[in-house]
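Here is the structure we will look at.
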Amino acid sequence: MLAEKKAEFVRLFQEFVSSYPYTPDGLRHRAAYDEQRQQGRRNFEAIASAAESGKDVTESVIWQLLPYEDSHTNRQKGAWVHINPCTTQGLLWTSKLYKDLSLITPVIISQLIIYLVCCCNDDPSQLSSACRNFSEEMPASLFGEIGILTPILNALRPDDFLAINHKSIQVINYFANTSYSKKLIDYSSANFTGHELIEELTKEMHQNGAPSIRDDDLFDMFCHWLVEIKKYDFPCNEVPLVDEEIVFEYALEEVKLQPEYSLNQCAEETGFQTTQLTQWIHTINRKGQTIIQGPPGTGKTFLAQKLAQHLIGGGDGFSDIIQFHPAYTYEDFIEGLRPITQNGQLTYSIVPGRFLEFCKQAEAREDICVLIIDEINRANLSQVFGELMYLLDDRQNTQRFIKLASGQLFRIPTNVRIIGTMNTADRSIALVDNALRRRFAFIPIYPNYEVLQHYHQKWHTGFPVEKLISLLEDVNRTINNKHYELGISFFLTKTLAEDIQDIWQMEIEPYLEEYFFDNQAKMDEFLWNKIKYKLSN
C-alpha cells in the first residue's frame with residue numbers, strides 16, 4: 001500500500017472509532033456478526049439435511065442462504081436477516097429483471113446456489129472455479145452480484161472467506177489500488193486481496209479504542225461506516241453499482257415456438273391410425289418415459305421422432321436424440337470426472353453428461369421437451385441410470401430429488417419426456433431388468449404391411465408391393481418368433497425396383513442366415529435365386 005493511502009486510512013479509521021462503534025447502531029452492528037454467522041450455519045445444516053432426504057429446498061435456499069434486510073415481513077418469512085442484505089424485499093425472482101429473463105427457474109437458481117456453497121465449504125480452494133461456473137450459468141447480473149453469496153460463505157468459513165459486498169469492494173479497490181467489479185466472478189481475487197489488505201492494516205486497526213472483534217469484522221464495519229454513513233467521496237477507482245438492467249456479456253436469444261405437427265400429419269407419415277397414436281401419446285405423458293420395442297426394420301426410431309415432433313409442436317420445447325452402446329456409461333449420461341486442460345495443466349473436473357445437460361435446458365422451457373434414446377437396451381441400463389432409477393419411479397412428485405456425486409441436487413423436470421427404442425432381436429444383450437422395466441411403459445410394434453403398401457401407392461413406385469407383402473408374410477411365418485420378424489423399413493425406398501436384389505442379398509439374406517444357422521433347408525427357401533420369381537410382374 002502506498003504511504004499516502006495508509007496515512008489516509010489511519011486518519012479515517014480514527015474518525016470511525018470515535019464516531020460509530022459505540023453508538024447504539026454500532027453496538028448492534030458489532031453483535032450481529034457472531035449471531036448471524038451462527039444462524040447462517042444452522043440454516044445451511046438444516047437445508048443440506050433436508051436436501052439429502054430428497055425434500056424440495058428451493059424456497060429455503062433462497063430465503064435462508066441469502067442475506068435479507070431486517071424487517072418484520074422478512075422475519076415472518078423466516079429470512080436470514082443480515083447486516084449486509086443483498087435485497088430488501090421479496091424473493092429475488094419477483095424482480096422485474098427476473099420476470100423479463102425468466103429462462104432460469106427458481107429450482108435451478110437454488111440448485112446453483114447450494115452447489116456453490118457446498119463446493120466451497122468442502123474445499124475452499126474451489127472458490128475461483130465455483131464462482132466462475134456460477135456466473136456463467138446466470139444470464140442476469142442481478143444474480144451475479146458479489147454480496148449475494150459471500151455472507152453465507154463467510155458464515156461457514158470466516159477464516160477463508162470475507163463477506164465482501166458493494167461497500168467493501170469499493171474500499172478494497174481504493175486502498176489496494178485494484179479495480180475489481182461487483183460481480184461474483186471477481187470474488188476470489190477480491191477475497192485474496194482483502195485478506196492481504198487486512199493483514200497489512202492490522203496494526204493500524206488495533207489502536208486504542210477499537211472494539212475487540214475479529215479483524216475482518218472490524219474492517220467490514222469500517223467499510224459500512226465509510227460508504228453508508230460518512231458517504232466518502234472516493235477520488236478514483238470507484239466501480240459503479242451493478243445495474244439490474246444490464247445483462248452479462250452474451251445476449252439472450254429469443255426462444256422460438258416449434259411448428260405445429262398434428263396427429264393427422266403423424267398418421268399420414270407413419271401409417272398408424274390416429275386412435276393408436278393418441279393412445280401412445282397419452283401413455284408417454286402419463287408415464288413420462290416409454291420404450292418402443294420390436295424386431296428390426298419396423299421403424300421404431302422413425303416413429304419415436306414423429307411422436308416427439310407432435311409432443312413439442314406449438315411449444316417452446318425441443319427434442320434431442322442419443323444412441324446407447326455397450327461402452328456407454330453413467331459418466332456419459334449423468335456426470336463424471338473428465339480431463340480438462342487449462343493453461344497447459346491437466347486437471348480433472350466433474351462434467352455433466354448428456355441427460356443432465358438436456359434437463360438443464362428443459363428446465364428453462366415451459367413446454368414439453370423429448371429425449372430419444374435409440375437402442376436403449378444396448379447399454380448396461382442399471383449402471384448408466386444409477387440413482388436416476390429413483391426419479392423415474394414417480395415423475396409427478398416434484399419433491400423427489402437425488403444428490404449427485406458432485407453435490408448437486410437434481411430432479412427430472414416435469415416437462416421432460418423420454419422415448420427409448422429397443423430392438424427385441426438383439427439377444428446378445430441381457431433383457432431389461434425388472435426394476436427398470438417397471439418404470440417404463442412399452443409400445444410394441446411389429447411389421448405393418450399397410451404402411452409398406454401405403455408408401456408405394458403414395459409415391460407411385462410401380463413395384464408389385466402385394467407380392468412383396470405375401471413374401472414377407474411367408475418369411476415371418478417361417479421365423480415363427482415375433483421378436484425376430486423381418487420388418488418393412490428395408491423396402492421403404494422409391495427405387496425399390498432397382499435396389500431389391502441388393503437389399504435382399506446383402507441385408508435380408510445375412511439376417512436370415514444368422515437366424516436359420518442350424519436349419520439350412522429353411523434358409524435355402526428364401527435365397528434370392530428362389531424368391532426373385534415371386535416378385536416378378
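Screening Cys131, Ser125, Ser129 against Leu127 for a side-chain contact (heavy atoms from CB on, under 4.5 Å) leaves a single residue, Cys131.
In terms of modelled atom types and a separation under 3.5 Å, the side chain of Asp215 and the main chain of Thr202 share no donor-acceptor contact. At least one donor-acceptor pair closer than 3.5 Å links the side chain of Asp316 to the backbone N or O of Glu366. Judged by distance alone, with hydrogens and angles left aside, the side-chain atoms of Ser49 form no donor-acceptor pair with the main-chain N or O of Ala46 at under 3.5 Å.
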Q) Would Tyr180 and Phe192 satisfy ring pair (Phe, Tyr, Trp, His ring centres under 6.0 Å), going step by step from the backbone distance to the final call? A) CA-CA 12 Å; Tyr180 301 124; Phe192 177 80; 9.7 Å; no
Q. Checking ring pair (Phe, Tyr, Trp, His ring centres under 6.0 Å) for the pair Phe324/Phe333: CA distance, chi angles, key distance, verdict?
A. CA-CA 10 Å; Phe324 279 3; Phe333 195 57; 5.4 Å; yes
Q | Pair Lys306-Gln309, side chain to side chain contact (heavy atoms under 4.5 Å, CB included): steps then yes or no | A | CA-CA 5 Å; Lys306 293 302 176 183; Gln309 190 176 347; 3.4 Å; yes
Q.
With ring pair (Phe, Tyr, Trp, His ring centres under 6.0 Å) as the criterion, how do Phe401 and Phe410 come out once you've worked through the C-alpha distance, each side chain's angles and the decisive distance to 0.1 Å?
A. CA-CA 5 Å; Phe401 283 83; Phe410 172 69; 8.6 Å; no
Q.
Working note: Asp186 + Ser189, criterion side-chain hydrogen bond (donor to acceptor under 3.5 Å, both in side chains); need CA distance, chi angles, decisive distance, verdict.
A. CA-CA 6 Å; Asp186 278 357; Ser189 299; 5.8 Å; no
Q: Test side chain to side chain contact (heavy atoms under 4.5 Å, CB included) on Gln170 and Lys182 and set out the steps.
A: CA-CA 9 Å; Gln170 292 182 74; Lys182 296 188 173 89; 3.8 Å; yes
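Residues Ile376 and Thr421 fail the side-chain proximity criterion, which asks for heavy atoms closer than 4.5 Å. The shortest distance between side-chain heavy atoms of Cys369 and Gln361 does not fall below 4.5 Å. Within the 4.5 Å cutoff, side-chain heavy atoms of Leu162 are placed close to those of His195. Side-chain contact between Leu226 and Met221 is absent, with no heavy atoms from C-beta onward closer than 4.5 Å. Using a 4.5 Å heavy-atom threshold, the side chains of Ile146 and Lys183 count as separate. When side chains are defined from C-beta on, Phe134 counts as touching Ile113, because their heavy atoms get closer than 4.5 Å. Val61 is not listed as a side-chain neighbour of Ile109, based on a closest heavy-atom distance of 4.5 Å or more. The closest side-chain heavy-atom distance from Phe440 to Leu392 is below 4.5 Å.
Considering every non-hydrogen atom in both Asp374 and Gln323, the closest pair reads OD2-NE2, 3.1 Å. Here the shortest heavy-atom pairing between Pro124 and Asp160 reads CG-OD2, 3.8 Å. Heavy atoms only, all atoms of each residue included: Trp80 and Gln36 are closest at NE1-O, 3.1 Å. Contact detail for Val17 and Ala210: the closest heavy-atom pair is CG1-N, 3.9 Å. Closest non-hydrogen pair, Pro151 versus Ala163, comes out as CA-CB, 4.2 Å. Residues Pro85 and Tyr68 approach most closely at CB-C, 3.4 Å, considering heavy atoms.
Expressed to the nearest 0.5 Å, how far OH of Tyr20 lies from CG of Leu27 amounts to 9.5 Å. In this structure, CD1 in Ile148 is found 6.5 Å from CG in Leu66, a value given to the nearest 0.5 Å. Atom CD in Glu335 sits 9.0 Å away from atom CD in Glu331 (nearest 0.5 Å). To the nearest 0.5 Å, atom CG of residue Asn415 and atom CG of residue Asn285 are 11.0 Å apart. Taken from CG in Asn177 to NZ in Lys5, the straight-line distance is 5.0 Å, to the nearest 0.5 Å. Here the CZ-CD1 distance, from Arg417 to Ile419, works out to 10.0 Å after rounding to the nearest 0.5 Å.
The salt bridge (Lys or Arg N to Asp or Glu O under 4.0 Å) analysis of residues 348-357, with sequence neighbours excluded, yields the pairs Asp320-Arg354. Residue pairs meeting the side chain to side chain donor-acceptor pair (under 3.5 Å) criterion with at least one partner in residues 111-122, sequence neighbours excluded, are absent.
Ring-plane geometry between Tyr328 and His325 is classed as perpendicular, the angle between the planes exceeding 60 degrees on a 0 to 90 degree scale with a lower cut at 30. Ring geometry, Phe16 versus Phe13: the interplanar angle falls from 30° to 60°, so the pair is classed tilted.
His82 and Asp70 share no donor-acceptor pair across their side chains, judged by distance under 3.5 Å alone. Lys167 and His224 share a donor-acceptor pair across their side chains, judged by distance under 3.5 Å alone. No hydrogens or angles considered: nothing links the side chains of Gln38 and Arg41 as a donor-acceptor pair under 3.5 Å. With 3.5 Å as the limit, one finds no donor-acceptor pair spanning the side chains of Ser188 and Asn191. Side-chain N/O atoms of Glu8 and Tyr174 include a donor and acceptor closer than 3.5 Å. Side-chain contact, Ser168 with Asp220: no donor N or O sits under 3.5 Å from an acceptor N or O. In this model, no donor atom of one side chain and acceptor atom of the other lie less than 3.5 Å apart for Thr150 and Tyr187. Of the N and O atoms on the side chains of Asp332 and Thr329, at least one donor lies less than 3.5 Å from an acceptor on the other residue. For the 3.5 Å distance criterion, the side chains of Asn173 and Ser179 fail to qualify, holding no donor opposite an acceptor.
A salt bridge does not link Arg365 to Asp367: none of the charged side-chain nitrogens sits closer than 4.0 Å to a carboxylate oxygen. Asp217 has a carboxylate O that lies under 4.0 Å from a charged side-chain N of Arg37, or vice versa, which qualifies the two as a salt bridge.
Annotation: side chain to side chain contact (heavy atoms under 4.5 Å, CB included) contacts of Glu387 (sequence neighbours excluded): Tyr330, Ile402, Leu404. Judged as a side chain to side chain contact (heavy atoms under 4.5 Å, CB included), and not counting sequence neighbours, the contacts of Tyr22 are Arg30, Pro211. Taking the side chain to side chain contact (heavy atoms under 4.5 Å, CB included) definition, one finds that Asp393 meets it with Arg400, Arg438, Arg439, sequence neighbours left out. Under the side chain to side chain contact (heavy atoms under 4.5 Å, CB included) criterion, Asn380 pairs with Ser382, Gln383, not counting sequence neighbours.
Remark: Lys55 NZ is loosely packed, at most 12 non-hydrogen atoms of other residues, nucleotides or ligands lying under 6.0 Å away. Counted within 6.0 Å of NE2 on His282, heavy atoms from surrounding residues, nucleotides or ligands total 12 or fewer; the atom is thus considered open. Summarising the local packing, NE2 of His72 is surrounded by 12 or fewer heavy atoms from other residues, nucleotides or ligands at distances under 6.0 Å.
For Phe318 and Phe358, the gap between ring centers is short of 6.0 Å.
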